[in-house]
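Notes follow once the structure below has been shown.
Remember, it's a predicted structure, so these values are computed and weren't measured experimentally. Chain letters run A, B, ... following the sequence lines, proteins first and then strands; every chain starts at 1.
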Amino acid sequence: MPLADHILTIATFLPSLGALVLVFLPRENAGRIRTLALVFSLLTFVVTLILIFGFSRSAGGFQFEENYAWITSPPIHYHMGIDGLSLILIVLTGFLTPLCVLVSWTGISERVKEFHIFLLALETGVIGVFVSLDLFLFFAFWEVMLIPMYFLIGIWGHGRKVYAAVKFILYTMAGSALMLVGIIFLYERSGSFDYPQILAQLSDGSLPLTHTAESLLFWAFLIAFAIKVPIFPLHTWLPDAHTEAPTAGSVILAGVLLKMGTYGMLRFCLPLFPGASREFAGLVSVLAVIGIIYGALVSMVQPDLKRLVAYSSVAHLGFVVLGIFAFNMEGMEGAIYQMVNHGVSTGALFLMVGMLYDRRHTRLIKDFGGLGTTIPVFSTFFMIVTLSSLGLPMLNGFVGEFLIIIGAFHARVLWGSLAAVGVILAAVYLLWMYQRVFLGEVTDEKNRQIPDVNRREKWMLTAVVAVIIFMGIYPQPFLRQMDVTVAGVLTRVNPQAVTARNGKLGAPKGQTQAGIAPRPQIRAGSGGASR
Amino acid sequence: MEILLLLMLLPPLAGAALNGIFGRRFSHGLVSVIGCGSAGIAAIFAIAAALTSHLGPDTPPFVHGYFTWIQAGSFRTDFALYYDRLTLIMTLVVTVIGFLIHMYSRGYMEHEGGYYRFFCYLNLFLFMMLVLITAGSYPVMFVGWEGVGLCSYLLIGFYFPKKSASDAGKKAFIVTRIGDAGFTVGVALLFWTFGTVNFPELFPKVAALGLGDQQHTLTAACLLLFLGAVGKSAQLPLYVWLPDAMEGPTPVSALIHAATMVTAGVYMVARSNVLFVHAPEALKTVSAVGCITAFFAATIALCQNDLKRMLAYSTISQLGYMFTGCGVAVFSSGIFHLMTHACFKALLFLAAGSVMHAMSGELDMRIMGGLRHKMPTTFWTFLIATLAISGVPGFAGFFSKDGILAATYSGPLGSPWLYWLLTITAGLTAFYMFRGLFMTFCGKSRVPHDLEHHVHESSSKMTVPLMILAVFSIVAGYVGIPEVLGGSERFDHFLEPVFGSSQNLLASNGVAAAHTASELVLMIGSLTAAGVGILVAYWFYLRSPEIPEGLATAFSGAYRTLVNKYYVDEFYNWLIVQPVVVGSRKFLWQFVDTGVIDGAVNGSAEATADVGQVLRRIQSGNIRSYAAWVLLGAVGWLGYLLLR
């Protein structure tokens, strides 16, 4: 079936098609615009779900590939394909976008049409980033996605929205410029923009890189991604952008845009430049741990709810980076899982802060208090999401954090242990925030009048909570999807860690691993601590 | 069996879900039927499991994995349950006492708001506690471990509009999380050392080691696990959350903060006995921490005037006893005391709740007195529990406390100082418990007039559970009568399949106490201490009440230190809380983040803009200036060519 051969193209451009349809709708009928945007985002979500069912988790390499010559000279291809990593992130994007449409239902009342056009265009950009296998195509999507985000923040944002939008775009562009240099350099040397081809050339030695070249390339890509993640100290765009963006913007920013950074590391930095990755893993891990602790501490003292959640992202993404640079299955799968968790949980936190803002037109923690008595259902939802974010077992956050700590502990005892301290701090800033907003007496009369969740909100939050609980109790469907992909990355950076699990790859479900005590002795990088 | 265990675990979860989601629309009656019913079903199936498990002395523990929970790389943990004789005892204690407390709560919470919410949390707690004790691996245990912590947080903060309540809940969660971080790292260490964290694979692997193998790793792992226990079971230095936890409704204090959750740390150490015996240094830490905590908390309890807080410090102290018993490698003595303590301490709290009910929420013992005439059932049951905790012969606490004291002296890792400190503590315990009893129930009434007419005995919903627990507080000890008294130590023998191999390991390696003494002599020591404690309490608080006041004035410094609980909370606040909060706000956020990092970012942006401003001048659109630039350029170029 021809449609099935182009499913990635469909997933990528279905939202754009929706945007295009919206262009021709009269701006007066906001209801129809919202409904259509919702329909298109839901359709896209359905397409991403179809991908899951068609995806073979035991096959290596990329699936659903589409490869057409686009520009002949230089040889740029329209090359798409996904593996376990991109699949999960695409589904996450598909899940969050309808929620963004829904949360803007009453929150956005000006320029409704343009808002949804930008939102859908953004989704195309994001999915495009995750499916591109041609470096040029990847870069194109990477940049294209900035534009709708810029307008979303700049037009529908709050407070210093223009400052935040410009800061966001310049920060990211500074990184992308470096990455572009890296991409062009790789093209010059390999004669191709095609990612699998370049990877093959680098793996079989037909494209030798000097130590300096590899290090420089590593940093060119890493800095671009580190800004996106963001890794301390490149994070200061994030609190501004997250805080000033409209709710939907914050959700997409936190939910998927940050993951583009960690995705890039896993897709490009590690497999393309394994030597440099090993060399600098210690340094990156230190920055990740600083991010965990620093993000948590700074988050703790924020007076603004959205800023608090924004800084908590720095801490959470620190965990992800730490897991990636642990260079073992446990840490890396935990990291990918945590990427999804963070998307769902922090996305949900932004959704809920947005709902509070719609009701009270303030985000300052001190303006709230005692909401547990006035809006009990909302408070319960908020509690569950808070608990998921602080890593309570049986909810999604725990699985990722736990695997990351296990993995990181093996790679670097001290940093793994310090990450565990970050878990304590997460409880501190989240519970303290929860206490000040929801517990205690109602001090401000305005808080007595606010309505509890309406039906639309209840269904949105129920969906989120269902995902949170499911991912906490039964993470296997997700973890299994990543096995082959993660093993592939590890084959490049730390083959021993893969050998340890060769026995299990493809082994039937339920076969125990008792008796195998793999202890690949890796001490990658300079920051390795000895036990 | 795997079905039976599920039938025990799932009803409380279902009850929590039903009451949590729909409870708002249910009547009180329906809520309590669901809440108590599910707890009752759990208790029935716990008994059924105990009866049908047929765990002989050599039967391996029953293990069943229901589904793979987390698998990544070589890490794999199933959602597995583990049932052996230790689990058997724990499930019985938790479900039976849990059920009684559910029943009691019907009466206690009758007139409180959030009735459904209370039963939802209580059911959820029961489920999580059962997960904790039936878990077949450390990660699954951690599910219950954090789950009970969550319920504790929710229930302490049950009256959340009150700031002190929400503060206490938050404090409990955060302080125990400090321990949990240690626990997590400990699990990671175990995983990378042994390749598994599942009990049925891990324990045999460790048991196969000789004493001294992997000792450093195991010591580190055990100490990290113990850090988790220190947080959860409120030992020094992480005990500070438990007294504040008394902000919660009293049934919660009885169930969570006395009988079950706080003993989770003891259970975990006992469950991990195979690991701990390979790390004698870790075990010595356990007994030292336990023993010092027991003494320390007892001294604070001496001067508390709040009935529940006094009981809270008493709990911390008794948990210290249990840890000491485990720490000297006589794990069964710790579990025995855990069981008897669950009965009498739950009773003490429930009786205190009954008093509190009668006194309209008042807990200050200084304005009580003489309540026994108006609340005879509460008085008699409280008296039985007091006798039990004081270690008076014939009551449950006597046998279990005696077991620990004997172990501290002549157990494999015993040491006389442990015995002497705990014996003194036993005296202190008897003193403060009887002080509480006398101040509350005996002597002349000091109840203010407006409360006086309201004082009444509680309804049968509350007194029946009290009476049942009173019976337990007497008979629970008779399962473990020591040999000196003509018993056969049935309890110890029952747990031999669980702890036997660990004890054999120590015995075969010649690890034994340097001192031995006749158990009878040791018993006389502790009895004397208890007797003195009771007599002094009688003398001070019934005969001549002016003496304690005189002492308080004479030693006002010491007295104030004790009343203020050694100022530990203030110290922590000064040393940790304030520096972290203020440092984060002033230094990290306002200075580093906004000032330095963002300053550099904005600075570079401004610098770029400034450069742009300068360069802009070049592009003036003025032909003459362009001509001048061209000339300047030409001259420069020529100059370069000439001077090259």
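Taking the six-membered ring where the residue is Trp, A:His410 and B:Trp192 present parallel rings, their angle staying beneath 30° rather than reaching 60°.
The heavy-atom pair separating A:Glu333 from B:Gln71 by the smallest distance is OE1-O, 3.9 Å. Closest of all the heavy-atom pairs between B:Arg24 and A:Pro376 is NH1-CG, 3.7 Å. The shortest non-hydrogen separation linking A:Ile406 to B:Phe191 is CG2-CD2, 3.7 Å. Considering every non-hydrogen atom in both B:Val601 and A:Thr236, the closest pair reads CG2-OG1, 3.7 Å. A:Trp432 and B:Arg585 make their closest contact through CH2-NH2, 4.2 Å (heavy atoms, listed as atom of the first residue, atom of the second, distance). Contact between A:Met300 and B:Val580 at its shortest, heavy atoms only, is CE-CG1, 3.7 Å.
To the nearest 0.5 Å, atoms OH (A:Tyr294) and OG (B:Ser584) are separated by 10.0 Å. The CD atom of A:Gln476 sits 8.0 Å away from the CD1 atom of B:Ile70 when rounded to the nearest 0.5 Å. Separating the CG atom in A:Leu479 from the CZ atom in B:Arg76 is a distance of 12.0 Å, to the nearest 0.5 Å.
Looking only at side-chain heavy atoms (C-beta outward), B:Lys586 and A:Val301 stay at 4.5 Å or farther from each other. Two residues are said to be in side-chain contact when any heavy atoms from C-beta on lie closer than 4.5 Å; B:Tyr153 and A:Met383 meet this criterion. Side chains of B:Lys163 and A:Leu439 form no contact here, defined as non-hydrogen atoms less than 4.5 Å apart. With contacts defined as side-chain heavy-atom distances shorter than 4.5 Å, the pair A:Met394/B:Val131 does not qualify. Within the 4.5 Å cutoff, the side chain of A:Ile473 has heavy atoms near those of the B:Phe67 side chain. The side-chain heavy atoms of A:Tyr311 and B:Trp589, taken from C-beta on, include a pair separated by under 4.5 Å. When side chains are defined from C-beta on, B:Asp598 counts as touching A:Asp240, because their heavy atoms get closer than 4.5 Å. You'll find the side chain of A:Leu390 reaches within 4.5 Å of the side chain of B:Arg177, heavy atoms only.
Neither the backbone nor the side chain of A:Tyr429 comes within contact range of chain B, judged by heavy atoms closer than 4.5 Å. Heavy atoms of A:Phe438 lying under 4.5 Å from chain B belong exclusively to its backbone. For B:Leu224, no part sits under 4.5 Å from any heavy atom of chain A, backbone or side chain. For a residue to count as touching a neighbouring chain, one of its non-hydrogen atoms must lie under 4.5 Å from one of that chain's; by this rule A:Leu425 does not touch chain B.
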Name the atoms and distances for all side-chain donor-acceptor pairs under 3.5 Å in residues 416-423 of chain A, with sequence neighbours left out.
from	atom 1	to	atom 2	distance (Å)
A:Ser417	OG	A:Val413	O	2.8

For residues 396-404 of chain A, which side-chain N or O atoms pair as donor and acceptor with protein atoms under 3.5 Å away, sequence neighbours left out?
from	atom 1	to	atom 2	distance (Å)
A:Asn396	OD1	A:Ser388	OG	3.0
A:Asn396	ND2	A:Ser345	OG	3.4

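Residue with the most contacts toward chain A among B:Val185, B:Asp180, B:Thr184: B:Val185 (heavy-atom pairs, distance under 4.5 Å). No other option in B:Leu202, B:Asp167, B:Val140 has as many heavy-atom pairs under 4.5 Å with chain A as B:Asp167. Most heavy-atom pairs under 4.5 Å with chain A, from the set B:Ile597, B:Asp593, B:Ile174: that is B:Asp593. When each of B:Val592, B:Asn198, B:Val187 is checked for heavy-atom pairs under 4.5 Å with chain A, B:Val592 comes out on top.
Panel note: side chain A:Gln435, backbone B:Lys170; no donor-acceptor pair is recorded below 3.5 Å. Panel note: side chain A:Glu330, backbone B:Ser74; a donor-acceptor pair is recorded below 3.5 Å.
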- Query: Can you check side-chain contact (heavy atoms from CB on, under 4.5 Å) on B:Phe173 and A:Leu392, steps first, answer last?
  - Reply: CA-CA 11 Å; B:Phe173 199 97; A:Leu392 192 87; 4.2 Å; yes
